[in-house]
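Worksheet: one structure, shown below.
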Amino acid sequence: MSSESVRVRFAPSPTGPLHIGGVRTALFNYLFAKQHGGSFILRIEDTDSSRFVPGAEAYINASLQWLGLKVDEGVEEGGPYGPYKQSERKEIYKKYADMLVDRGWAYYAFDTPEDLEAMRTVAENEKKSFAYDLHSRNDLNNSLSMSADELKECLDKNIPYVIRFKMPENIDVEATDLIRGKVVFNTNTLDDKVLYKSADELPTYHLANIVDDHLMKISHVIRGEEWLPSLPLHVMMYRAFGWSETMPAFAHLPLILKPNGKGKLSKRDGDKEGFPVFPLEYTSPSGEVSAGYRESGYFPEAVNNLLALLGWNSGTEQELFTMDELIKAFSLERVNKSGARFDPDKARWFNQQYLQQKSDSELAALFMPFLKQKGVEADRAYLERVVAMVKDRVHFVSELWEHSFFFFTAPQEYDAKVVQKRWKDEIPAFMEELAGAFESFPTWDAASLKEKASELMQSRGLSFGAVANALRLVLTGGAFGPDLFMIVELLGQKEVVRRLSKAKSLLD
């Protein structure tokens, strides 16, 4: 496979936010293209004007940019096969629709929406299903049932029409899916899909998709499983146009399933269980706000890694992949046929792994905006030391505060249960003595502090655990935090003594 021959496209419709299932489709296309030195194309399929949502296209572009999926050709990037927005290509499609009519592969249909709805109602009342297909088309209002004069009259009067593909009778359509292998469909089970609508002079997905893939020299169509039923129509259209020799290879990706494995993952699942299903936060035209991975604190590399392993595996035990490693390891042959269950806990785990990989300096920089929101100004070197002590306890940068707030502000209250359990007997008096000892310690590092404090505890016949837990209460307000004497060292001599004095006056 030559690098020049590999051209893949991600072709979303701007009808709302980009679901992570769509993001995974984009990622798999990107990985495949880059592995083969090919081109990753972004095409906006906006022929369904009734479903267009303002801002959705910008959202798609921003999502891909955040994830680092660099587009080679697209609306913003340009390229030799533009325009890359279907609404800007509308004059192209009518020619190809007419070509199919002239070749006997398509026909004009003048049935109104009301006519079709009435026929569906009749069929339902008879407990049947209505389909516009080879069994019914000759009895409907179309050019197949009209005389040439009747057809000319309809066209001359500009009566609204659609152009439908004329599916042939009883042909087994065979195709090879790069994931599922050989698939076979019989045309008797397929209806005559609408390809073009005169009312808005726009094609439907099927016509625009085939024409654009051909003109843009797309080599591989990697898309979701929901498009598998459309495959026989698309294969037949390539044959009808005489483009069989240049027809792209097809691969249909498995669904991303709900956490319980039953059904396709939806926004409702995310709302119910508290995880995002969109890459970026999205505000609908009605004002409804949906969570995004970016705003929820996920790193883009964690999202890419998570999605790559939803339906694909490398054949090894490796779970963490850089983008370069994913590009090198990816193959359609190792994409599963069955759906992939989404696991919110695993998603958080991936983010935690990437958080751990970041340097203390990087994390400190990411943490600083959260501190500013709390009104806290911190020295950068001090902040890096804090982050180093607590980062192994969190999944997200936003969680650093709850594990480190006591490094920046003294406790305003103390856990009542811990107070009851730890602040008793000789402990209050010993804390006063310990405060005096801390004031006189010549060296201030965790190891020396622990050694000197332990010696003092032993001389007073107190257990290390009893004193340590009480000291932790004083410094943090509860029974939590990293290594106790690292806390003591980092807070510094004056602050530790101050907190001991304050706690004794309050708790006594």
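Basis for what follows: all heavy atoms, side chains included, without hydrogens, waters or symmetry-related copies. In this chain, numbering begins with 1 at the start of the sequence shown.
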Check step by step if ring pair (Phe, Tyr, Trp, His ring centres under 6.0 Å) holds for Phe32 and His220. CA-CA 9 Å; Phe32 186 82; His220 296 77; 4.7 Å; yes
Full working for ring pair (Phe, Tyr, Trp, His ring centres under 6.0 Å) between Tyr161 and Tyr108: CA-CA 6 Å; Tyr161 64 85; Tyr108 297 98; 5.0 Å; yes
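Under a 4.0 Å N-O distance rule, the pair Lys267/Glu288 qualifies as a salt bridge. For the pair Lys264 and Glu225, the salt-bridge criterion is not met [side-chain N within less than 4.0 Å of a carboxylate O]. A salt bridge links Asp72 to Lys34: one of the charged nitrogens lies within less than 4.0 Å of a carboxylate oxygen.
Between Phe130 atom CZ and Glu124 atom CD the span is 11.5 Å, to the nearest 0.5 Å. One finds the CZ atom of Arg24 at 4.0 Å from the CD1 atom of Ile256 (value rounded to the nearest 0.5 Å). In this structure, Leu42 CG and Arg9 CZ are separated by 11.0 Å, a value rounded to the nearest 0.5 Å. We find the CD1-CZ distance between Ile60 and Phe10 to be 6.5 Å, quoted to the nearest 0.5 Å. Between the NZ atom in Lys193 and the CE atom in Met237 there is a gap of 12.0 Å [rounded to 0.5 Å]. Rounding to the nearest 0.5 Å places CZ of Arg164 at 10.0 Å from CG of Asp133.
Scored by the ring pair (Phe, Tyr, Trp, His ring centres under 6.0 Å) test, Phe28 finds Phe330 as partners (sequence neighbours excluded). Taking Phe342 as the reference, Phe275 meet the ring pair (Phe, Tyr, Trp, His ring centres under 6.0 Å) condition, with sequence neighbours excluded. Listed by chain and residue number, Glu384 satisfy the salt bridge (charged side-chain N to carboxylate O under 4.0 Å, His left out) test with Arg380 (two or more places apart in sequence, or in another chain). Judged as a salt bridge (charged side-chain N to carboxylate O under 4.0 Å, His left out), and not counting sequence neighbours, the contacts of Lys197 are Asp200. The ring pair (Phe, Tyr, Trp, His ring centres under 6.0 Å) search around Phe40 returns Tyr30, not counting sequence neighbours.
Using the six-membered ring where Trp is involved, Phe367 and Phe370 have ring planes that are tilted, between 30° and 60° apart. Note on ring orientation: taking the six-membered ring where Trp is involved, the planes of Phe406 and Phe480 are tilted (angle from 30° to 60°). Ring-plane geometry between His234 and Tyr205 is classed as tilted, the angle between the planes lying from 30 to 60 degrees on a 0 to 90 degree scale.
With hydrogens and angles left out, the side-chain atoms of Thr316 and Ser314 include a donor and acceptor closer than 3.5 Å.
Here the side chain of Thr187 pairs no donor or acceptor atom with the backbone of Met167 at under 3.5 angstrom. In this structure, the side chain of Arg393 engages the main chain of Gly481 through a donor-acceptor pair within 3.5 Å. The closest donor-acceptor contact from the side chain of Asn305 to the backbone of Glu301 lies at 3.5 Å or more, if one exists at all. Side-chain N or O atoms of Gln35 include one that pairs as donor or acceptor with a backbone N or O of Lys328 at under 3.5 Å. With Asn61 contributing its side chain and Glu57 its backbone, the two residues share a donor-acceptor pair below 3.5 Å. Not a single donor-acceptor pair under 3.5 Å links the side chain of Arg43 to the backbone N or O of Ala11.
Within 6.0 Å of CD in Glu91 there are more than 12 heavy atoms belonging to other residues, nucleotides or ligands.
Within the structure, the ring pair (Phe, Tyr, Trp, His ring centres under 6.0 Å) test picks out the following pairs touching residues 63-96 (sequence neighbours left out): Tyr96-Phe241, Tyr96-Trp243.
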